[in-house]
There are 2 protein chains.
Amino acid sequence: MAQKNKLQFIILGLLNQQPLTGYDLTKAFDSEIGEFWQAQHSQIYPQLKRLESQGYITHEITISGEKLEKKLYHITPTGQALVRDWITTGTPELTASKDEFILKLYFVQTNQDPRLPEMLTEQLQLHTEKLAHLKMRLKTVFPTVTAQKVHYGHYLILQHALGREQYYVEWLQQTLAALPTV
Amino acid sequence: MAQKNKLQFIILGLLNQQPLTGYDLTKAFDSEIGEFWQAQHSQIYPQLKRLESQGYITHEITISGEKLEKKLYHITPTGQALVRDWITTGTPELTASKDEFILKLYFVQTNQDPRLPEMLTEQLQLHTEKLAHLKMRLKTVFPTVTAQKVHYGHYLILQHALGREQYYVEWLQQTLAALPTV
DNA sequence: TTAAAACGTGTTATTAATTACATGTTTTAA
DNA sequence: TTAAAACATGTAATTAATAACACGTTTTAA
């Protein structure tokens with residue numbers, strides 16, 4: 001019941017900002033969007049077809065260089081209405097997340113387990129790198145308060161991802177520090 | 001391409017602690033495990049069959065009451081080796097999460113958007129409730145430091161979920177507070 | 001005593017998502 | 001000038017996941 005297939009709304013949301021190609025949309029999932037939703041091009045191209053057949057988007061063909069055809073997708077008024085509805089409608093689901101690493105920890109019975117330091121250290125490094133990357137991105141994309149206002153949603157998403165990562169790093173550090181000394 | 005199908009490892013991990021029925025396993029995903037992985041019984045029962053055919057688990061039939069047959073699954077030594085491998089092997093993937101609400105925010109162009117207060121308030125309530133629930137659980141399940149050591153993994157998972165939720169609540173509060181006053 | 005809730009196990013159908021296959025063009029840097 | 005990287009668009013095959021269908025038992029509280 002109700003609203004699944006969130007990919008369609010994300011695509012519409014992106015096209016609501018500006019016309020984009022399937023390739024552009026795919027790339028969007030590699031950057032900030034990818035922090036909160038993932039999709040491959042093999043999911044995106046068929047979805048674009050479906051959205052077009054339903055009248056939510058249209059496309060225009062442009063030629064890049066000599067003969068490379070790009071399909072630039074535009075949102076229609078019906079599509080815009082659909083995005084508006086999606087955003088306005090409540091989100092009571094609390095989309096559950098998955099975390100393989102935390103699950104592995106769950107099966108570690110005791111804080112004496114000799115594998116713990118190595119496991120935690122590996123994650124600490126990974127998450128520290130990611131945190132650094134997000135920090136840099138936030139600083140370069142939104143250097144001023146004015147820049148934050150130009151695309152507030154983008155700012156929010158990056159900043160939320162950063163805070164989430166920050167928590168993860170701190171938690172790993174604390175958990176490591178709390179381990180019994182050998 | 002290495003190791004997908006993480007459900008199998010989670011099931012094995014749980015059976016490594018104690019023999020369980022399919023129903024028990026299903027319930028495990030309703031509680032603490034569910035914070036970091038989800039699975040329905042329609043995924044679990046077939047997976048149990050597969051694991052058994054591969055020799056990682058076996059089952060024993062017990063009768064509950066007059067005639068209700070329960071299949072109690074046990075892990076085999078091969079299965080135990082598989083769990084050990086899974087835990088010991090590195091986790092370099094950083095399992096990406098999904099969050100529909102944050103995505104909706106992404107498509108809000110400006111902090112002047114009249115829908116923002118309502119959207120954020122709804123989430124604040126949901127996450128505050130969840131946080132309270134996790135706090136209570138942590139307090140009842142692990143009232144003492146000694147209790148934490150009895151099943152350290154369980155403690156870690158609950159405590160991590162709580163911290164994550166805490167961050168989410170604080171972020172929502174800050175974002176709400178930073179909104180321009182009407 | 002009886003109805004509801006919880007226990008218990010399965011399958012089928014559908015949809016979502018990933019991986020792999022498949023092909024070609026344009027740009028950029030060595 | 002040429003090879004690699006990036007651009008660009010699709011389909012097919014497989015696997016993961018959810019929702020729905022289906023059935024029966026035991027326990028518990030009204």
Side-chain angles (χ1 to χ4, degrees), chain A residues 1-11 19-31 33-34 36-54 57 59-73 93-100 103, chain B residues 1-11 19-31 33-34 36-54 57 59-73 93-100 103:
Chain A
M1 337 188 155
Q3 120 212 296
K4 291 147 303 176
N5 189 2
K6 307 184 177 162
L7 178 59
Q8 66 179 315
F9 297 114
I10 298 166
I11 290 177
L20 295 168
T21 66
Y23 188 80
D24 295 330
L25 287 164
T26 303
K27 276 192 307 177
F29 288 93
D30 293 335
S31 52
I33 288 249
F36 301 100
W37 208 268
Q38 299 82 44
Q40 282 72 38
H41 76 279
S42 53
Q43 231 186 318
I44 291 166
Y45 286 111
Q47 184 65 67
L48 284 169
K49 279 200 172 170
R50 256 173 274 139
L51 286 169
E52 185 159 35
S53 78
Q54 291 168 310
I57 60 176
H59 80 268
E60 148 202 20
I61 291 178
T62 63
I63 303 288
S64 184
E66 273 309 296
K67 49 181 165 175
L68 183 63
E69 292 196 346
K70 288 203 230 179
K71 292 187 181 173
L72 198 60
Y73 285 93
E93 303 92 25
L94 286 209
T95 336
S97 65
K98 302 201 164 183
D99 190 320
E100 190 186 0
L103 279 178
Chain B
M1 328 268 88
Q3 118 211 300
K4 291 147 300 177
N5 189 3
K6 308 184 177 162
L7 178 60
Q8 66 179 316
F9 298 114
I10 298 166
I11 290 177
L20 295 167
T21 65
Y23 189 80
D24 294 331
L25 287 163
T26 303
K27 275 192 307 176
F29 288 92
D30 294 336
S31 53
I33 288 251
F36 301 100
W37 208 269
Q38 300 82 45
Q40 280 72 40
H41 77 279
S42 53
Q43 232 187 316
I44 290 166
Y45 287 111
Q47 184 65 65
L48 284 169
K49 279 201 172 170
R50 257 172 274 140
L51 285 169
E52 185 158 37
S53 79
Q54 292 167 309
I57 60 175
H59 80 268
E60 147 201 21
I61 292 178
T62 63
I63 303 288
S64 185
E66 274 310 296
K67 50 179 165 175
L68 182 61
E69 293 197 346
K70 288 203 232 181
K71 292 187 181 174
L72 199 58
Y73 286 91
E93 302 91 26
L94 287 206
T95 336
S97 65
K98 302 201 163 182
D99 190 319
E100 189 186 2
L103 277 178

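Quick note on labels: first sequence line is chain A, next is B, and so on, each numbered from 1.
In this structure, B:I44 atom CD1 and C:dT11 atom P are separated by 14 Å, rounded to whole Å. Whole-Å rounding puts the B:N5 CG to C:dA17 P distance at 17 Å. Regarding A:Q47, its CD atom lies at a distance of 15 Å from the C1' atom of D:dG10, rounded to whole Å. Atoms NE2 (B:H59) and P (C:dG10) sit 8 Å apart, rounded to a whole Å. Taking atom CD1 of A:I10 as the reference point, atom C1' of C:dA16 lies 12 Å away to the nearest angstrom. Put simply, CD on B:Q8 is 12 Å from P on D:dT15, counting in whole angstrom units. In this structure, the NZ atom of A:K70 is 11 Å from the P atom of C:dT26, given to the nearest Å. The nearest whole Å value for the distance from the NZ atom in A:K71 to the P atom in C:dT25 is 16 Å.
Contacts of B:T21 with the nucleic acid, taken as non-hydrogen atoms under 4.0 Å apart, involve only primed sugar atoms and P, OP1 or OP2.
Map B:Y45 and B:K98 each onto its nearest nucleotide of DNA chain C; the residue landing nearer the 5' end is B:Y45. Closest-nucleotide positions on DNA chain D for A:S42 and B:A39 were compared, and the one nearer the 5' end corresponds to A:S42. Comparing A:H41 and A:L7 by the nucleotide of DNA chain C that holds the closest heavy atom to each, the one mapping nearer the 5' end is A:L7.
Closest heavy-atom contact between A:A28 and A:I33: O-CB, 3.3 Å. In terms of heavy-atom proximity, A:Y45 sits nearest to A:Y23 at OH-N, 3.4 Å. In terms of heavy-atom proximity, B:Q38 sits nearest to A:S97 at NE2-O, 2.9 Å. Residues B:A39 and B:L7 come closest through the heavy atom pair CB-CD1, 3.8 Å.
The shortest distance between the side-chain N/O atoms of B:Q40 and the OP1/OP2 oxygens of D:dT18 is below 4.0 Å. Dashed line: the shortest gap from a side-chain N or O of A:Q43 to OP1 or OP2 of C:dA16 is not under 4.0 Å. Remark: A:Q38 is not in phosphate contact with C:dA17, judged by side-chain N or O atoms under 4.0 Å from OP1 or OP2.
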Problem set entry | Sugar-phosphate or base contact per nucleotide [nucleotides 23-30 of chain D; S, B, -; heavy atom under 4.0 Å] | -BSS----
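Listed nucleotides D:dA16, D:dC7, C:dA17 differ in distance to B:K4; the shortest reach to its side chain belongs to D:dA16. Considering only side-chain atoms of B:Y23, the nucleotide from D:dT9, C:dT9, C:dA16 that sits closest is C:dT9.
Note that NZ of B:K98 and OG1 of A:T95 are 10.0 Å apart. Values are rounded to the nearest 0.5 Å. Atom NZ of A:K27 and atom CD1 of A:I44 lie 12.0 Å apart (nearest 0.5 Å).
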For this session: Run the numbers on B:I63 and B:E69 for side chain to side chain contact (heavy atoms under 4.5 Å, CB included), then give the verdict.
Result: CA-CA 5 Å; B:I63 303 288; B:E69 293 197 346; 3.8 Å; yes
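Axis orientation changes by 40° from one end of the helix from C:dT1-D:dA30 to C:dA30-D:dT1 to the other, with each end axis drawn from 5 pairs and the value rounded to 10°.
The side-chain contact (heavy atoms from CB on, under 4.5 Å) with A:K71 is formed by just one residue from the set A:T21, A:I61, A:L20; it is A:I61.
When the shell of 6.0 Å around CD of A:E60 is examined, it contains more than 12 heavy atoms from other residues, nucleotides or ligands.
Between B:I11 and B:Y73, the closest side-chain pair of non-hydrogen atoms is not below 4.5 Å.
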